[in-house]
Each structure stands twice: as C-alpha cells, then as structure tokens.
Amino acid sequence: MNKEVNDSFSTVLAALQKQQVIAYPTEAVFGLGCDPDSESAVEALLALKKRPKDKGLILIADNYEQLLPYIDDSSLTGQQRQTIHSSWPGPVTWVMPARASTPDWLTGRFSSLAVRVTDHPLVKELCQKFGKPLVSTSANLNGQPPCRVAEEVRQQFGKNFPVLAGQVGGRENPSEIRDALTGNLIRQG
C-alpha cells in the first residue's frame, strides 16, 4: 500500500469514528459512506446528497457476518442464501428482509435493506478496520455524475473532504440490485 493510500486510511477511519461522512472507491465509482449505526452521520450523508430518507440505503461489507446485525437471515431459505453467496464478493446488491431492530434511517420506508459484500480490496480492508459495514451511496452531488477519481470527489465536496485514496474497480455500471426473496432484478448492473 503506498503512502498516500496508507495516510488516507488513517484519515477516513478517524472521520468514521467521529461520525463523519467519507468517500471511498468501489467497484465502479467512488461511494459516500458513514457509520450505519449513527443516525447523525446518516442524516449528514442524506443532507449532503439531498436524498430523501424514505428511499433507504445500501450497506457494503467485508463479509456476510458483518451484515447479520442488520438483516433477518432466518427469513431466507437455504437456496436463497446459496444464490446470494454465489454472487459475493462482487458487484451484486441484494435487498433482504431487515431485522425489526434495524433503524429506519437505513431502511427508509421499507422493511428490507439493500446489502452487498464487496470485492474491492480497499473497501474490504476499511470495513475490517472499522469493524462493521458502511453506508454506501454514489459520491456525487444531486444532478452531477458519480465521481470516478478522488480529485472529482474533492471538486464536488471540498478539498478537505475525507477521501480514501485509491482506484475504483474496472466496472462501468453501478452494482446490480436484486430481491433476495424472489431473485427479481431491481436495477441492471
């Protein structure tokens, strides 16, 4: 890991622990993220994006176990679980039933939650070091295209915005989104 990436890891981890919004590279674009358990951090992210709270958010994780506090794994059949796990780690987001305890600042108006186990090495490491998943939404201001390099993030959000230095993966499109219970495609990837 080069010095710039290493230094930025310290910066974004400190920002996450202070319940701030950060940016990080994902499989296709830079994402905005924060601590999913911090209502104030999620509200700051939604305000930054001008995104309505009722739409719900995606959580991105290093592994399935990090998602278990937020999703109702017991509502999935073995076949559904196998289908989900066969697509991970990777750029497929699954909408799963949420636990009753999952806060509405994550689920929005839904009883489900969109989740993904990433294969991006920097995001995996960030989730490992933070010890839990991150909220994940594309890093762009309303009406602007999603950022694909760290410099674009700084242009849109300010030069002091906490950004994990690194490259996005080679994907052109955002993650595919599927319903975990039906397998139906919600958003083409």
>> Against F30, only a single residue in P146, C147, S138 fulfils side-chain contact (heavy atoms from CB on, under 4.5 Å); can you say which?
In response: C147
>> Can you give me the closest heavy-atom contact between A139 and V153, atom names plus distance?
In response: CB-CG2, 4.4 Å
>> Test of understanding: with side chain to side chain contact (heavy atoms under 4.5 Å, CB included), list the residues that count as partners of Q66, not counting sequence neighbours.
In response: A61, D62, N63, C127, P133
> Shared ILVMFWY cluster between M96 and L113, side chains joined below 4.5 angstrom?
Replying inline: yes
> Who are the side chain to side chain contact (heavy atoms under 4.5 Å, CB included) partners of T11, not counting sequence neighbours?
Replying inline: P162
> Just checking, is any N or O donor in the side chain of S87 or W94 under 3.5 Å from an acceptor N or O on the other one?
Replying inline: yes
>> Applying side chain to side chain contact (heavy atoms under 4.5 Å, CB included), can you list everything that pairs with Q82, at least two apart in sequence or on another chain?
In response: Q79
> Which pairs count as salt bridge (Lys or Arg N to Asp or Glu O under 4.0 Å) when at least one residue sits in residues 178-189, sequence neighbours excluded?
Replying inline: E176-R178
>> If we ignore hydrogens and angles and just use 3.5 Å, is the side chain of R116 paired with the main-chain N or O of P91 as donor and acceptor?
In response: no
> Using a distance-only test with no angle check, is there a side-chain donor-acceptor pair under 3.5 angstrom linking S8 and Y24?
Replying inline: no
> Is any side-chain heavy atom of F9 less than 4.5 Å from a side-chain heavy atom of E125?
Replying inline: yes
>> I'd like to check the ring-ring contact (aromatic ring centres under 6.0 Å, His included) partners of Y64; sequence neighbours left out, ordered by chain and number.
In response: H85
>> According to side chain to side chain donor-acceptor pair (under 3.5 Å), who are the partners of T77, at least two apart in sequence or on a separate chain?
In response: Q80
> Can you find a pair of side-chain heavy atoms, one from V163 and one from R154, that are under 4.5 Å apart?
Replying inline: yes
> Of all residues at least two apart in sequence or in a different chain, which pass the side chain to side chain contact (heavy atoms under 4.5 Å, CB included) check with D72?
Replying inline: S74, S75, P97
> Which pairs count as salt bridge (Lys or Arg N to Asp or Glu O under 4.0 Å) when at least one residue sits in residues 131-140, sequence neighbours excluded?
Replying inline: D35-K132, D37-K132
> Are side-chain heavy atoms of N140 and P145 found at a separation under 4.5 Å?
Replying inline: no
>> Tell me the closest heavy-atom pair linking V12 and I22, and the distance in Å.
In response: O-CG2, 3.8 Å
> Can you check whether T26 reaches V168 side chain to side chain, under 4.5 Å on heavy atoms?
Replying inline: no
> Can you list every salt bridge (Lys or Arg N to Asp or Glu O under 4.0 Å) pair that touches residues 73-96, not counting sequence neighbours?
Replying inline: D73-R81
> Is there any salt bridge (Lys or Arg N to Asp or Glu O under 4.0 Å) pair reaching into residues 103-115, and which pairs are they, with sequence neighbours excluded?
Replying inline: K53-D104, D54-R109
>> Tell me whether H120 contacts the main-chain N or O of Q167 through its side chain, where contact means a donor paired with an acceptor under 3.5 Å.
In response: yes
>> My understanding is that only residues two or more places apart in sequence, or in another chain, count here; which of them pass salt bridge (Lys or Arg N to Asp or Glu O under 4.0 Å) with E152?
In response: none
> Does the side chain of P25 come within less than 4.5 Å of L164's, by heavy atoms?
Replying inline: yes
> Remaining members of V95's ILVMFWY cluster at a side-chain heavy-atom cut-off under 4.5 Å?
Replying inline: I58, I177, I186
> Is Q156 reaching over with its side chain to a backbone N or O of L141, donor-acceptor style, under 3.5 angstrom?
Replying inline: yes
>> I'd like to check I60 versus T93 (side-chain heavy atoms, cut-off strictly below 4.5 Å). Are they in contact?
In response: no
> Do L16 and L126 touch side chain to side chain, with heavy atoms closer than 4.5 Å?
Replying inline: yes
> Hey, does F161 have a side-chain heavy atom less than 4.5 Å from the side chain of L32?
Replying inline: yes
